[in-house]
There are 2 protein chains.
Amino acid sequence: MEHPDLRRAGLKVTGPRLKILEILANEALGSHLSAEAIYRRLLVQATDIGLGTVYRVLGQFEAAGLITRHHFDGETAVYELNRGEHHDHVVCMDCNRVEEFTDDEIESLQSKAAQRLGFEVIDHALILYGRCRRTACPHRLAAAKSEP
Amino acid sequence: MEHPDLRRAGLKVTGPRLKILEILANEALGSHLSAEAIYRRLLVQATDIGLGTVYRVLGQFEAAGLITRHHFDGETAVYELNRGEHHDHVVCMDCNRVEEFTDDEIESLQSKAAQRLGFEVIDHALILYGRCRRTACPHRLAAAKSEP
DNA sequence: TTTGCTGCAAATGCTTTGCATGTAG
DNA sequence: CTACATGCAAAGCATTTGCAGCAAA
C-alpha cells in the first residue's frame with residue numbers, strides 16, 4: 001500500500017496514522033474535529049488507539065502540513081485536513097455551525113496592513129463570530145417563540 | 001471614591017478589583033497581560049490577592065465589557081483594557097511582539113463575506129502572524145549572523 | 001535488527017470552583 | 001445585616017511526556 005503523504009513527512013505508515021488520516025478525510029468539508037472526537041470515533045471502530053497517540057499523531061500531521069489546527073476563541077483545539085487552499089471561518093455563536101470562506105481582497109488588505117507596521121505576514125487567522133439564519137439554530141428558535 | 005466602571009457593571013468596589021484594573025490601565029497600548037503576569041505584579045506590590053481571584057475578576061471584567069481576552073494561537077489567555085475602539089493584531093512569530101491596527105475596509109469586507117453565507121457578524125478575531133523588522137528580533141539577529 | 005511507534009499512566013499547566021471567612025453597601 | 005467577595009486549596013480539562021514493550025523497514 002502506498003502512502004505518499006505519510007512517507008513524504010518521514011513518518012512510518014502505521015495503523016493509528018492511517019485510521020486517523022482516514023477519519024479526517026471522511027469528514028465533510030467545513031467539519032472540524034477535536035482530539036476527543038477523533039478518539040471517540042476510534043473507540044467505535046473498536047481499535048485500540050490511546051488518546052495520547054491521537055494527540056501525538058495530530059501534532060505530527062500538523063507539523064507535516066497535512067492538517068490545520070484551529071482554536072475557535074480558545075476553546076479546545078479542532079483539526080481539519082488540508083485540502084489545498086487556505087480559508088477563513090465563520091462560527092455561529094448559537095449553534096456552533098462553522099462555514100468556510102475565502103476573500104482575496106481581504107487577504108491582500110491584510111498584507112498591506114502588516115507591511116505598514118513593518119511585518120511580513122506568514123500566516124493568519126480570521127474568525128468571524130455571529131449568528132446564522134439556519135432554521136434549527138437556537139437563536140432562531142428563541143426568536144420564533146417570542147413572536148408567534 | 002467614585003468608580004463608575006465597576007458600579008455600572010454591578011460589581012462592588014473592592015481592593016482586588018481596583019488593583020487589577022489599575023495594572024491593566026497602566027499597561028502601554030498594545031501590551032497584553034496573562035493572568036499570571038498580573039498576579040506577579042500584584043505579588044510585587046505586596047498585596048494579598050490570590051491567583052484564583054485574578055481569574056475571577058478578569059472573568060467579570062470581560063463579561064462587563066471592560067476588558068478583552070485574546071488567545072493568540074491558543075496560547076494562554078491574555079487580557080487588555082478596552083479603550084474604546086476595536087482593533088486587530090499582528091504578532092511576530094520570532095519575538096512575540098504584538099502590534100495593533102484597524103482597517104475599516106477589511107471590516108466591511110468581513111461583514112459582506114459573512115452576509116453571503118447568511119451570517120450576521122457579532123464579533124471577530126483577526127490575527128496576523130509574521131516576522132517583524134525590529135533589529136532586536138531573533139529572526140533578524142539570525143539573518144545578520146549568516147550574512148556578515 | 002534497528003529505529004521509530006504505541007499504549008498506558010502519570011505529569012503538567014491553565015483555569016475553575018467549593019467553602020469558610022471577611023467586608024462593602 | 002445581607003449579599004457578595006476573597007483566599008486558599010482542591011478539582012477539572014486539555015494536552016504532553018516517560019517508559020517499557022511492539023512493529024515497520
Side-chain angles (χ1 to χ4, degrees), chain A residues 1-23 32-43 45-64 66-79 96, chain B residues 1-23 32-43 45-64 66-79 96:
Chain A
M1 194 201 291
E2 281 294 287
H3 241 280
D5 291 341
L6 295 179
R7 287 254 142 68
R8 217 178 304 132
L11 298 172
K12 283 185 180 170
V13 178
T14 66
R17 288 187 182 143
L18 289 175
K19 280 272 176 228
I20 293 174
L21 210 46
E22 182 192 317
I23 287 175
H32 303 77
L33 296 177
S34 65
E36 272 285 334
I38 293 171
Y39 178 59
R40 266 183 268 116
R41 297 188 188 210
L42 289 169
L43 284 182
Q45 300 186 25
T47 58
D48 184 25
I49 299 172
L51 182 55
T53 299
V54 174
Y55 276 106
R56 247 178 320 219
V57 168
L58 288 172
Q60 296 158 342
F61 285 3
E62 200 206 354
L66 286 172
I67 65 177
T68 302
R69 180 177 55 181
H70 300 289
H71 277 93
F72 297 139
D73 196 35
E75 310 241 323
T76 87
V78 291
Y79 302 82
N96 285 315
Chain B
M1 195 200 293
E2 281 293 287
H3 241 279
D5 292 341
L6 294 180
R7 287 256 144 69
R8 217 179 303 132
L11 298 171
K12 285 185 179 169
V13 177
T14 67
R17 289 188 180 141
L18 289 174
K19 280 273 176 226
I20 294 174
L21 208 48
E22 181 191 318
I23 287 175
H32 302 77
L33 296 177
S34 66
E36 273 284 333
I38 293 171
Y39 177 60
R40 266 183 269 115
R41 297 186 188 213
L42 289 168
L43 284 182
Q45 299 186 25
T47 57
D48 184 25
I49 299 172
L51 181 55
T53 299
V54 173
Y55 276 104
R56 248 180 318 221
V57 167
L58 288 172
Q60 295 157 341
F61 285 3
E62 199 205 357
L66 286 172
I67 64 177
T68 302
R69 180 177 54 183
H70 300 289
H71 277 93
F72 298 138
D73 195 36
E75 310 241 323
T76 86
V78 291
Y79 303 82
N96 286 313

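Order of the sequence lines sets the chain letters (A, B, ...), proteins ahead of strands, with each chain counted from 1.
Heavy-atom minimum distance, Glu75(A) versus His71(A): O-CD2, 3.4 Å. In terms of heavy atoms, Val78(B) sits closest to Ser34(B) at CG1-N, 4.0 Å. Nearest heavy-atom pair across Thr53(A) and Pro16(A) is CG2-CB, 4.2 Å.
Across all strands, Thr53(A) comes closer than 4.0 Å to base atoms (heavy-atom distances).
For Thr14(A), whose side chain is taken as the heavy atoms from C-beta onward, the closest listed nucleotide among dT16(C), dC8(C), dA24(D) is dA24(D). When distances are taken from the side chain of Val13(A) to each of dA25(D), dT6(C), dT6(D), the shortest belongs to dA25(D). Side-chain proximity of Arg56(A) to the nucleotides dT16(C), dT6(C), dC14(C) is greatest for dT6(C). Candidate nucleotides dT15(C), dG7(C), dT6(D) were compared by shortest atom distance to the side chain of Asp48(A), and dG7(C) ranks first. Checking dC5(C), dA3(D), dT15(C) against every side-chain atom of Lys12(B), the shortest atom distance belongs to dA3(D).
Spacing between atom CG of Leu6(A) and atom P of dT6(C) amounts to 10 Å, rounded to whole angstrom units. The nearest whole Å value for the distance from the CZ atom in Arg17(A) to the C1' atom in dA24(D) is 10 Å. The distance between atom CD1 of Ile49(A) and atom C1' of dC22(D), rounded to the nearest whole Å, is 14 Å. Straight-line distance from the CG atom of Leu11(B) to the P atom of dC4(D): 11 Å, rounded to whole Å. Between the NE2 atom of His3(B) and the C1' atom of dG25(C) there is a distance of 17 Å, given to the nearest Å. What separates CG of Asp73(B) from P of dA14(D) is a distance of 18 Å, to the nearest Å. One atom, CD of Gln60(A), and another, P of dT15(D), lie 16 Å apart when rounded to the nearest Å. Between Tyr55(B) atom OH and dC8(D) atom P the separation is 16 Å, expressed in whole Å.
Note that the CD1 atom of Ile23(A) and the CG atom of Leu18(A) stand 11.5 Å from one another [nearest 0.5 Å].
In this structure, Arg17(B) contributes its side chain and Val57(B) its backbone to no donor-acceptor pair below 3.5 Å.
Listed pair Arg7(A) / dA25(D) meets the phosphate criterion, a side-chain N or O lying under 4.0 Å from OP1 or OP2.
When each of Gly15(B) and Ser34(B) is assigned the nucleotide of DNA chain C bearing its nearest heavy atom, the one mapping closer to the 5' terminus is Ser34(B).
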